[in-house]
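Only one structure is covered here, and it is reproduced in the block below.
Please read these numbers as outputs of a predicted model, since none were measured by experiment. The sequence lines fix the lettering, A, B, ..., with proteins before strands; numbering per chain opens at 1.
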2 protein chains.
Amino acid sequence: MSVKLKDIAEQTGFSINTVSRALRDDRRLSDATRNKIKVAAEEMGYIRNILAESMRSNKSRTIGVIFADSANPFYAEVIQGIEERARRLKYSILLINIGEQAENERKAVRLLLGRQVDGLVIAPVYKDRENLALYQSLSVPFIMVGRYIEGLKSHSILHGDAEGQAMAFEHLLRRGHKKILYIAGPKNISNTIDRMEGMKLAYEKYALQIDESYIFESSGHMDDGYRLASQALERGLFFTAVVCFNDLLAFGVLKALHEKSISVPDDMEIIGFDNLAMSRFMQPGLTTVDVPKNHLGQKAVEELVYHIEDATYPYNTIHMKPRLIHRETTLDSHIQSLKTLE
Amino acid sequence: MSVKLKDIAEQTGFSINTVSRALRDDRRLSDATRNKIKVAAEEMGYIRNILAESMRSNKSRTIGVIFADSANPFYAEVIQGIEERARRLKYSILLINIGEQAENERKAVRLLLGRQVDGLVIAPVYKDRENLALYQSLSVPFIMVGRYIEGLKSHSILHGDAEGQAMAFEHLLRRGHKKILYIAGPKNISNTIDRMEGMKLAYEKYALQIDESYIFESSGHMDDGYRLASQALERGLFFTAVVCFNDLLAFGVLKALHEKSISVPDDMEIIGFDNLAMSRFMQPGLTTVDVPKNHLGQKAVEELVYHIEDATYPYNTIHMKPRLIHRETTLDSHIQSLKTLE
DNA sequence: TTATTCTATGTTAACGTTAACCCATGAGTG
DNA sequence: CACTCATGGGTTAACGTTAACATAGAATAA
């Protein structure tokens, strides 16, 4: 069996409690005692039983992490940030994927509560009466990353969905595009709603009407981008630019355009969202809205731990700034003006 | 405070133990009692304290997962498989990233042991005397995914690194390529060694010599692919094909080639490894060696749980079959033969 | 009938740790 | 010299659950 405090106590002649204190660096013990015990523990290969510690101290140093899909490159980077920061702060993370299903989200929360997590980091499904009630009565702190749910927005860290999407559209509208295809995201998450809102803001700014037939719904995956763009082209829909809910969709769109021999950005401009690591390496490099993914995860944990360690710490929505990253799927204003002169 | 067994016991009039049994579906209780207790538990919003359960039963239903970087799309997909299967088997996963550092790997193992995990799934650093000793004396079952370490190969689930890399090279050598650039992976992992071995096998098969100056070391990231390919070209190194340790490197290489206006596959053929989800959407679509990533993760958990539940279950290396996926960065034999006729 | 086995439940202890409280000793204080 | 107080450590109980054993009554068998 493994080494326990009891074994170290017997070995060193101190009581179990003294051993426990020594290993927790309790200053009320003499240096000599503390060192003697620590050395013995090290020699005996002692590993503290965190389960027992958690049980007794009522603090598990564990954070539950609930996402739709950890393999999605966007979430993968957020999770990376979460793991990194949690590890640094001496917390461990329990990861659960829920595939955008509100019911799975509830199950995940309950499971994690059963595991006595000290807090939760969640990318929640947007609208679900039952979930709202669940969160409102939740016994542990929780932070929502990159998304929010109505009524609990103060728990969210957001990255300017509306603002970012507006920037993307403005970049195109300003330069005269009239027919822009918008491939939207899954309808049960806040990002889809906010980005749609951003699109509207941009159109309003330029006093232009949105043609609803240019808005497609999607799951946010590459295949959908490919499929929807292909279909639109095959049906003869006329457009000069495509804005995508995220980069993955844009990858699919690029593939479709290439197959139809439509030249990007000359005949068609494309803008994504998220600025995934791969987006820079696409051919051509994808113009997109940058979101600080890793930082988002780190910040979420940081805030969460504040709440865990201080129950009075207030919840306030945190906003991060999106940035439009110009690459090769759009023409920048300079080049555009040159072309206009030709 | 939260509802405990004690509360349900008081509410229903049964003993704590009977309540515990009822909620665990113990068949020795009468249906009436079991139902009454379950209904009461449900009504009272009882959530079982898994920590306490784990403490007492000496089984945490937790699996520790140790990878270099969960944001790497390859591992992200493996982890997805792990999470999926673990969840289905009622296990939770604790995730730790170690960045290919042997020392971090040791720390992670110890941390997870402290958390009383029932088993580990690891992508280990290849060669480290201390780690070998650690694993040899490990008190819980462990499965290594996609990699192995010397002396413990039976714990691994592998996907034919040598075989897959040989297939890639053979495809090129068979069709007459003489100067093939190979961008290898990080040197402290088994994949790099085995894939290098696969390359050698292919050259031997065609009785050709390997020119060491065509082998570059890398970290396996996109930037390295870009940087190394750019450098090779700038230095005037002559080659007609590039084989990459993984798809990420290939993405970087494609970018570099495009910048130099080298046409793929006509002037240069490229083969990657891993068949990431994005590889199909690259422009041109990347020819690569497919590895069943999600399945690898699922299988790892499946095997691990066999070991957890039956200590006599034997360790045997499991081999999965790689497949060469022909896409647009290579010319297939048919097209090649047509070109030859020109 | 009486012994035996089942069935359904209760009682007690334990998992390994930490919290809360207690107690000796000796130094410093007035 | 008695008193306080800090120092260094021990004792006991508790966290919430399950394992192991015990038991009472009913059903069955001989």
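Between the side chains of A:Tyr135 and A:Glu105, at least one donor-acceptor pair of N or O atoms lies under 3.5 Å. Checked by atom type, the side-chain pair A:Gln11/A:Asp7 shows no donor-acceptor distance below 3.5 Å.
One atom, CZ of A:Arg28, and another, C1' of C:dA19, lie 10 Å apart when rounded to the nearest Å. The interatomic distance linking A:Lys59 (NZ) with D:dG16 (P) rounds to 17 Å, in whole Å. Computed from coordinates, the A:Leu5 CG to D:dA14 P distance equals 20 Å when rounded to whole Å. Across the protein-nucleic acid pair, A:Asp26 atom CG and C:dA19 atom C1' stand 12 Å apart, rounded to whole Å. Atoms CD1 (B:Ile47) and C1' (D:dT17) sit 16 Å apart, rounded to a whole Å. Rounded to whole angstrom, the span from the CD atom of B:Gln116 across to the C1' atom of D:dT17 amounts to 15 Å. For the pair B:Ile8 CD1 and D:dT18 C1', the computed distance is 15 Å after rounding to whole Å. At whole-Å resolution of the value, CZ in A:Arg61 and P in D:dC15 are 22 Å apart.
Between B:Phe142 and B:His155, the gap from one ring centroid to the other is short of 6.0 Å.
Under 4.0 angstrom from either OP1 or OP2 of C:dT9 there lies at least one side-chain N or O belonging to B:Thr33. Taking 4.0 angstrom as the limit, B:Tyr46 places none of its side-chain polar atoms (N or O) nearer than this to OP1 or OP2 of D:dG16. Residue A:Ser20 has no polar side-chain atom (N or O) positioned under 4.0 Å from OP1 or OP2 of C:dT17.
Side-chain to base pairing of A:Asn17 with D:dT11: one donor and one acceptor N or O lie within less than 3.5 Å of each other. In this model, no side-chain donor or acceptor of A:Arg27 finds a partner on the base of D:dG8 within 3.5 Å. Taking 3.5 Å as the limit, the base of D:dT18 and the side chain of B:Asn58 contain no donor-acceptor pair of atoms between them.
Backbone-only contact: A:Arg24 has heavy atoms under 4.0 Å from sugar-phosphate atoms and none from a base. Within the nucleic acid shown, A:Ser30 comes within 4.0 Å of sugar-phosphate atoms alone, with no base atom in reach, counting heavy atoms only.
Two residues are said to be in side-chain contact when any heavy atoms from C-beta on lie closer than 4.5 Å; A:Ser92 and A:Ile63 fail this criterion.
Atom NZ of B:Lys36 sits about 6.0 Å away from atom OG1 of B:Thr33, to the nearest 0.5 Å. Distance check: A:Leu23 CG to A:Glu53 CD gives 11.0 Å after rounding to the nearest 0.5 Å. For the atom pair OG (A:Ser54) and CZ (B:Arg115), the distance works out to 6.0 Å, reported to the nearest 0.5 Å.
Proximity of residues 48-56 of chain A to DNA chain D (heavy atom under 4.0 angstrom from any strand atom) is restricted to A:Met55, A:Arg56.
Comparing D:dT11, D:dG9, D:dG16 against the side chain of A:Leu29 picks out D:dG9 as the nearest.
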